[in-house]
Number of protein chains: 2
Amino acid sequence: MTRQRRLLIQIIQGADRHMDAFALWDRARNVDPTLNKVTVYRTLAMLKNYGLVDELDLMHLRGGKHYYEARATRDHIHLACLKCGSIQEFESSLFEKLKGQIERERRFSIRTVRVEAGGYCDKCRGQ
Amino acid sequence: MTRQRRLLIQIIQGADRHMDAFALWDRARNVDPTLNKVTVYRTLAMLKNYGLVDELDLMHLRGGKHYYEARATRDHIHLACLKCGSIQEFESSLFEKLKGQIERERRFSIRTVRVEAGGYCDKCRGQ
DNA sequence: GTATTTGCAAAAGCTTTGCTGCAAC
DNA sequence: GTTGCAGCAAAGCTTTTGCAAATAC
(Lines give C-alpha, C1' and ligand atoms only; values in the text may rest on other atoms or scores of the structure.)
Protein backbone atom coordinates (compact mmCIF):
# COMPACT_ATOMS: atom_id res chain seq x y z
CA MET A 1 0.00 0.00 0.00
CA THR A 2 1.45 3.32 -1.06
CA ARG A 3 1.45 6.59 0.78
CA GLN A 4 -0.94 8.29 -1.63
CA ARG A 5 -3.48 5.50 -1.50
CA ARG A 6 -3.42 5.53 2.27
CA LEU A 7 -4.07 9.26 2.16
CA LEU A 8 -7.05 8.91 -0.16
CA ILE A 9 -8.58 6.12 1.91
CA GLN A 10 -8.19 8.24 4.99
CA ILE A 11 -9.96 11.16 3.33
CA ILE A 12 -12.87 9.02 2.13
CA GLN A 13 -13.31 7.42 5.52
CA GLY A 14 -13.11 10.70 7.34
CA ALA A 15 -15.40 12.58 4.97
CA ASP A 16 -18.29 14.45 6.51
CA ARG A 17 -20.26 14.45 3.27
CA HIS A 18 -20.45 12.63 -0.04
CA MET A 19 -17.54 13.69 -2.17
CA ASP A 20 -16.94 13.44 -5.89
CA ALA A 21 -13.57 12.68 -7.47
CA PHE A 22 -12.65 16.33 -7.83
CA ALA A 23 -13.49 17.14 -4.21
CA LEU A 24 -11.40 14.20 -3.03
CA TRP A 25 -8.52 15.34 -5.18
CA ASP A 26 -8.83 18.86 -3.85
CA ARG A 27 -8.72 17.70 -0.27
CA ALA A 28 -5.81 15.35 -0.95
CA ARG A 29 -3.78 18.14 -2.54
CA ASN A 30 -3.85 20.05 0.73
CA VAL A 31 -1.71 17.28 2.15
CA ASP A 32 0.26 16.22 -0.92
CA PRO A 33 0.24 18.78 -3.74
CA THR A 34 1.95 16.37 -6.13
CA LEU A 35 -0.97 13.93 -6.07
CA ASN A 36 -2.53 13.67 -9.52
CA LYS A 37 -6.22 13.50 -10.30
CA VAL A 38 -5.66 10.29 -12.23
CA THR A 39 -4.40 8.69 -9.07
CA VAL A 40 -7.72 9.53 -7.44
CA TYR A 41 -9.62 7.73 -10.18
CA ARG A 42 -7.31 4.74 -10.13
CA THR A 43 -7.54 4.43 -6.37
CA LEU A 44 -11.32 4.70 -6.46
CA ALA A 45 -11.50 1.96 -9.08
CA MET A 46 -9.45 -0.28 -6.83
CA LEU A 47 -11.50 0.48 -3.73
CA LYS A 48 -14.75 -0.13 -5.57
CA ASN A 49 -13.40 -3.44 -6.73
CA TYR A 50 -12.50 -4.51 -3.24
CA GLY A 51 -15.91 -3.40 -2.02
CA LEU A 52 -14.43 -0.84 0.36
CA VAL A 53 -16.13 2.09 -1.29
CA ASP A 54 -19.57 2.59 -2.77
CA GLU A 55 -20.29 4.74 -5.78
CA LEU A 56 -23.42 6.90 -5.72
CA ASP A 57 -25.20 9.11 -8.21
CA LEU A 58 -27.46 10.94 -5.78
CA MET A 59 -30.20 11.15 -8.38
CA HIS A 60 -27.97 13.20 -10.71
CA LEU A 61 -28.88 16.27 -8.71
CA ARG A 62 -25.71 17.93 -9.92
CA GLY A 63 -25.03 16.33 -13.27
CA GLY A 64 -23.58 13.00 -14.21
CA LYS A 65 -20.73 12.77 -11.75
CA HIS A 66 -20.30 10.15 -9.09
CA TYR A 67 -19.99 10.39 -5.35
CA TYR A 68 -18.12 8.09 -3.05
CA GLU A 69 -18.47 6.86 0.50
CA ALA A 70 -16.67 4.30 2.63
CA ARG A 71 -18.76 1.17 2.93
CA ALA A 72 -20.66 1.24 6.20
CA THR A 73 -21.32 -1.73 8.40
CA ARG A 74 -24.99 -1.42 7.52
CA ASP A 75 -26.46 -0.43 4.19
CA HIS A 76 -28.48 2.74 4.07
CA ILE A 77 -30.74 4.65 1.76
CA HIS A 78 -30.01 8.11 0.38
CA LEU A 79 -32.77 10.69 0.23
CA ALA A 80 -31.97 13.58 -2.09
CA CYS A 81 -34.08 16.72 -1.91
CA LEU A 82 -34.80 18.00 -5.40
CA LYS A 83 -35.33 21.50 -4.06
CA CYS A 84 -32.58 22.29 -1.53
CA GLY A 85 -30.15 19.55 -2.56
CA SER A 86 -29.79 18.13 0.95
CA ILE A 87 -28.89 14.46 1.31
CA GLN A 88 -30.28 12.39 4.17
CA GLU A 89 -29.36 8.84 5.06
CA PHE A 90 -31.92 6.33 6.21
CA GLU A 91 -31.53 2.87 7.73
CA SER A 92 -34.31 0.39 8.03
CA SER A 93 -34.84 -3.23 8.93
CA LEU A 94 -37.39 -3.34 6.11
CA PHE A 95 -34.51 -2.69 3.75
CA GLU A 96 -32.60 -5.61 5.24
CA LYS A 97 -35.65 -7.82 4.80
CA LEU A 98 -36.04 -6.68 1.21
CA LYS A 99 -32.46 -7.70 0.45
CA GLY A 100 -33.09 -11.08 2.01
CA GLN A 101 -36.18 -11.52 -0.12
CA ILE A 102 -34.22 -10.78 -3.29
CA GLU A 103 -31.46 -13.22 -2.35
CA ARG A 104 -34.00 -15.95 -1.60
CA GLU A 105 -36.61 -15.53 -4.29
CA ARG A 106 -34.28 -14.76 -7.17
CA ARG A 107 -31.28 -16.68 -5.89
CA PHE A 108 -29.38 -13.45 -6.60
CA SER A 109 -26.21 -12.95 -4.61
CA ILE A 110 -26.09 -9.26 -3.77
CA ARG A 111 -22.70 -7.61 -3.62
CA THR A 112 -23.73 -3.96 -3.50
CA VAL A 113 -27.09 -2.23 -3.27
CA ARG A 114 -27.86 1.34 -4.01
CA VAL A 115 -31.15 2.95 -3.01
CA GLU A 116 -31.67 6.57 -3.89
CA ALA A 117 -34.89 8.51 -3.54
CA GLY A 118 -35.48 11.92 -5.05
CA GLY A 119 -38.22 14.08 -3.64
CA TYR A 120 -38.88 16.86 -1.16
CA CYS A 121 -37.54 16.98 2.37
CA ASP A 122 -39.59 18.05 5.36
CA LYS A 123 -38.48 21.65 5.07
CA CYS A 124 -39.14 21.96 1.34
CA ARG A 125 -42.30 19.91 0.86
CA GLY A 126 -44.65 22.69 1.93
CA GLN A 127 -43.11 25.35 -0.23
CA MET B 1 -46.57 17.65 -29.04
CA THR B 2 -44.31 17.30 -32.05
CA ARG B 3 -43.90 14.36 -34.35
CA GLN B 4 -40.36 13.61 -33.23
CA ARG B 5 -41.25 13.65 -29.57
CA ARG B 6 -44.15 11.32 -30.16
CA LEU B 7 -41.79 8.97 -31.96
CA LEU B 8 -39.28 8.97 -29.10
CA ILE B 9 -41.97 8.38 -26.49
CA GLN B 10 -43.28 5.49 -28.54
CA ILE B 11 -39.81 3.95 -28.72
CA ILE B 12 -39.20 4.27 -24.99
CA GLN B 13 -42.60 2.81 -24.13
CA GLY B 14 -42.22 -0.03 -26.58
CA ALA B 15 -38.65 -0.88 -25.62
CA ASP B 16 -37.90 -4.48 -24.76
CA ARG B 17 -34.80 -3.54 -22.78
CA HIS B 18 -33.22 -0.58 -21.03
CA MET B 19 -31.85 1.76 -23.64
CA ASP B 20 -29.31 4.54 -23.43
CA ALA B 21 -29.55 7.82 -25.32
CA PHE B 22 -27.51 6.53 -28.25
CA ALA B 23 -29.60 3.38 -28.62
CA LEU B 24 -32.80 5.43 -28.57
CA TRP B 25 -31.38 7.73 -31.21
CA ASP B 26 -30.33 4.80 -33.32
CA ARG B 27 -33.78 3.28 -33.21
CA ALA B 28 -35.46 6.60 -33.91
CA ARG B 29 -33.28 7.18 -36.97
CA ASN B 30 -34.71 4.06 -38.58
CA VAL B 31 -38.00 5.90 -38.72
CA ASP B 32 -36.83 9.48 -39.12
CA PRO B 33 -33.21 9.83 -40.30
CA THR B 34 -33.26 13.60 -39.77
CA LEU B 35 -33.77 13.28 -36.03
CA ASN B 36 -30.78 14.67 -34.19
CA LYS B 37 -29.15 13.20 -31.11
CA VAL B 38 -29.62 16.50 -29.29
CA THR B 39 -33.36 16.12 -29.71
CA VAL B 40 -33.12 12.80 -27.91
CA TYR B 41 -31.44 14.42 -24.93
CA ARG B 42 -33.87 17.32 -24.89
CA THR B 43 -36.87 15.04 -25.06
CA LEU B 44 -35.50 12.85 -22.29
CA ALA B 45 -34.96 15.90 -20.10
CA MET B 46 -38.59 16.86 -20.62
CA LEU B 47 -39.91 13.37 -19.93
CA LYS B 48 -37.83 13.04 -16.77
CA ASN B 49 -39.22 16.33 -15.62
CA TYR B 50 -42.78 15.24 -16.14
CA GLY B 51 -42.02 11.99 -14.35
CA LEU B 52 -42.90 9.92 -17.41
CA VAL B 53 -39.47 8.40 -17.69
CA ASP B 54 -36.98 7.14 -15.11
CA GLU B 55 -33.25 7.41 -15.47
CA LEU B 56 -31.13 4.45 -14.39
CA ASP B 57 -27.43 3.76 -14.06
CA LEU B 58 -27.59 -0.01 -13.76
CA MET B 59 -24.64 -0.01 -11.39
CA HIS B 60 -22.38 1.53 -14.04
CA LEU B 61 -21.93 -1.90 -15.55
CA ARG B 62 -21.05 -0.28 -18.83
CA GLY B 63 -19.56 3.06 -17.86
CA GLY B 64 -21.15 6.30 -16.84
CA LYS B 65 -24.01 6.48 -19.28
CA HIS B 66 -27.68 6.49 -18.36
CA TYR B 67 -30.51 4.21 -19.26
CA TYR B 68 -34.15 5.09 -19.60
CA GLU B 69 -37.46 3.36 -19.07
CA ALA B 70 -41.07 4.45 -19.17
CA ARG B 71 -42.42 4.82 -15.67
CA ALA B 72 -44.33 1.72 -14.68
CA THR B 73 -47.51 1.64 -12.64
CA ARG B 74 -45.53 0.01 -9.87
CA ASP B 75 -41.94 0.71 -8.88
CA HIS B 76 -39.47 -2.09 -9.25
CA ILE B 77 -35.92 -2.96 -8.36
CA HIS B 78 -33.16 -3.63 -10.87
CA LEU B 79 -30.78 -6.51 -10.32
CA ALA B 80 -27.63 -6.22 -12.40
CA CYS B 81 -25.38 -9.26 -12.74
CA LEU B 82 -21.75 -8.21 -12.49
CA LYS B 83 -20.68 -11.28 -14.44
CA CYS B 84 -23.04 -11.75 -17.39
CA GLY B 85 -24.51 -8.24 -17.43
CA SER B 86 -28.11 -9.42 -17.33
CA ILE B 87 -30.73 -7.11 -15.82
CA GLN B 88 -33.65 -8.50 -13.85
CA GLU B 89 -36.58 -6.58 -12.48
CA PHE B 90 -38.10 -7.33 -9.09
CA GLU B 91 -41.30 -6.11 -7.49
CA SER B 92 -42.06 -6.46 -3.82
CA SER B 93 -44.60 -5.29 -1.31
CA LEU B 94 -41.70 -4.88 1.13
CA PHE B 95 -40.39 -2.19 -1.19
CA GLU B 96 -43.74 -0.43 -1.07
CA LYS B 97 -43.70 -0.62 2.73
CA LEU B 98 -40.16 0.74 2.82
CA LYS B 99 -41.23 3.75 0.76
CA GLY B 100 -44.14 4.32 3.14
CA GLN B 101 -41.78 4.18 6.10
CA ILE B 102 -39.52 6.82 4.55
CA GLU B 103 -42.44 9.12 3.80
CA ARG B 104 -43.76 8.78 7.34
CA GLU B 105 -40.65 8.74 9.49
CA ARG B 106 -38.70 11.39 7.61
CA ARG B 107 -41.68 13.32 6.29
CA PHE B 108 -39.93 13.04 2.93
CA SER B 109 -42.16 13.28 -0.11
CA ILE B 110 -40.80 10.76 -2.61
CA ARG B 111 -41.04 11.64 -6.27
CA THR B 112 -38.78 8.96 -7.75
CA VAL B 113 -36.97 6.00 -6.24
CA ARG B 114 -34.18 4.02 -7.76
CA VAL B 115 -33.07 0.71 -6.34
CA GLU B 116 -30.22 -1.07 -8.05
CA ALA B 117 -28.42 -4.13 -6.80
CA GLY B 118 -25.17 -5.43 -8.25
CA GLY B 119 -24.24 -9.05 -7.66
CA TYR B 120 -24.41 -12.48 -9.22
CA CYS B 121 -27.47 -13.99 -10.81
CA ASP B 122 -28.57 -17.56 -10.29
CA LYS B 123 -26.67 -18.78 -13.34
CA CYS B 124 -23.41 -17.00 -12.51
CA ARG B 125 -23.21 -17.30 -8.73
CA GLY B 126 -21.78 -20.81 -8.76
CA GLN B 127 -19.09 -20.08 -11.29
C1' DG C 1 -48.04 35.50 -36.41
C1' DT C 2 -46.03 34.01 -32.18
C1' DA C 3 -43.99 30.65 -29.46
C1' DT C 4 -41.72 26.54 -29.20
C1' DT C 5 -38.77 23.04 -31.14
C1' DT C 6 -34.99 21.44 -34.11
C1' DG C 7 -30.33 20.93 -36.36
C1' DC C 8 -25.74 21.93 -36.38
C1' DA C 9 -21.45 22.66 -34.49
C1' DA C 10 -18.99 23.33 -30.82
C1' DA C 11 -18.00 23.17 -25.91
C1' DA C 12 -18.20 21.22 -21.48
C1' DG C 13 -17.68 17.74 -18.01
C1' DC C 14 -16.14 13.66 -16.13
C1' DT C 15 -13.34 9.61 -16.71
C1' DT C 16 -9.91 6.53 -18.92
C1' DT C 17 -5.64 5.25 -21.40
C1' DG C 18 -0.62 4.95 -23.01
C1' DC C 19 3.63 5.46 -21.89
C1' DT C 20 7.78 6.67 -19.25
C1' DG C 21 9.90 7.16 -15.00
C1' DC C 22 9.63 6.42 -9.94
C1' DA C 23 8.63 4.02 -5.64
C1' DA C 24 7.87 -0.01 -2.95
C1' DC C 25 9.52 -4.28 -1.07
C1' DG D 1 16.20 -6.29 -9.03
C1' DT D 2 11.44 -6.95 -10.06
C1' DT D 3 6.90 -5.54 -9.78
C1' DG D 4 3.63 -2.51 -9.49
C1' DC D 5 2.31 2.56 -8.94
C1' DA D 6 2.28 7.60 -10.27
C1' DG D 7 2.61 11.64 -13.33
C1' DC D 8 1.72 13.77 -17.53
C1' DA D 9 -0.66 14.66 -21.55
C1' DA D 10 -3.91 13.34 -24.46
C1' DA D 11 -7.98 11.00 -25.91
C1' DG D 12 -12.71 9.14 -25.09
C1' DC D 13 -17.55 9.30 -24.20
C1' DT D 14 -21.65 11.17 -22.84
C1' DT D 15 -24.17 15.20 -22.29
C1' DT D 16 -25.15 20.29 -22.70
C1' DT D 17 -25.33 24.94 -24.87
C1' DG D 18 -25.89 28.90 -28.33
C1' DC D 19 -27.93 30.42 -32.16
C1' DA D 20 -30.32 30.59 -36.61
C1' DA D 21 -33.80 28.19 -39.24
C1' DA D 22 -37.91 25.37 -39.25
C1' DT D 23 -42.17 23.71 -37.27
C1' DA D 24 -46.44 23.75 -34.56
C1' DC D 25 -50.78 25.89 -33.34
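In what follows, chains are A, B, ... by sequence order, proteins preceding strands, each numbered from 1.
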Using whole Å, report how far [atom1] of [X] lies from [atom2] of [N].
X       : N      : atom1 : atom2 : answer
B/Ile9  : C/dT5  : CD1   : P     : 12 Å
A/Glu55 : C/dC14 : CD    : P     : 14 Å
B/Leu24 : D/dT14 : CG    : C1'   : 14 Å
B/Lys65 : D/dG12 : NZ    : C1'   : 12 Å
A/Lys37 : C/dT16 : NZ    : C1'   : 12 Å
B/Arg6  : C/dT6  : CZ    : P     : 11 Å
B/Phe22 : D/dG12 : CZ    : P     : 16 Å
A/Asp32 : D/dC5  : CG    : P     : 17 Å

(message) Which heavy atom of B/Ile12 sits nearest to which heavy atom of B/Ala70, and what is that distance?
(response) CG2-N, 3.7 Å
(message) Which heavy atom of A/Arg29 sits nearest to which heavy atom of A/Leu35, and what is that distance?
(response) CG-O, 4.0 Å
(request) Kindly say whether, by distance alone, the side chain of B/Arg42 makes a donor-acceptor pair under 3.5 Å with the base of C/dG7? (result) yes
(request) For A/Val38 and for B/Tyr67, locate the closest nucleotide of DNA chain D by heavy-atom distance; then report the residue assigned to the nucleotide nearer the 5' terminus. (result) A/Val38
(message) Judged by each residue's nearest nucleotide on DNA chain D, which is more toward the 5′ side, B/Ala45 or B/Arg3?
(response) B/Ala45
(request) Could you tell me whether B/Arg27 and B/Asp32 make a salt bridge, using a distance below 4.0 angstrom between a side-chain N and a carboxylate O? (result) no
(request) Determine, for A/Arg114 against A/Asp54, whether the closest basic-nitrogen to carboxylate-oxygen distance falls under 4.0 angstrom. (result) no
Under 4.0 Å between a side-chain N/O of [X] and OP1 or OP2 of [N], yes or no?
X       : N      : result
B/Thr34 : C/dT6  : no
B/Tyr41 : D/dT16 : no
B/Thr39 : C/dT5  : no
B/His66 : D/dT14 : no
A/Thr2  : D/dA6  : yes
B/Asn36 : C/dC8  : yes
B/Gln4  : D/dT23 : no

(message) Given D/dC5, C/dT15, C/dT5, identify the nucleotide with an atom nearest to the side chain of B/Arg5.
(response) C/dT5
(message) What I want to check is whether the side chains of B/His66 and A/Asp57 have a donor and an acceptor closer together than 3.5 Å.
(response) no
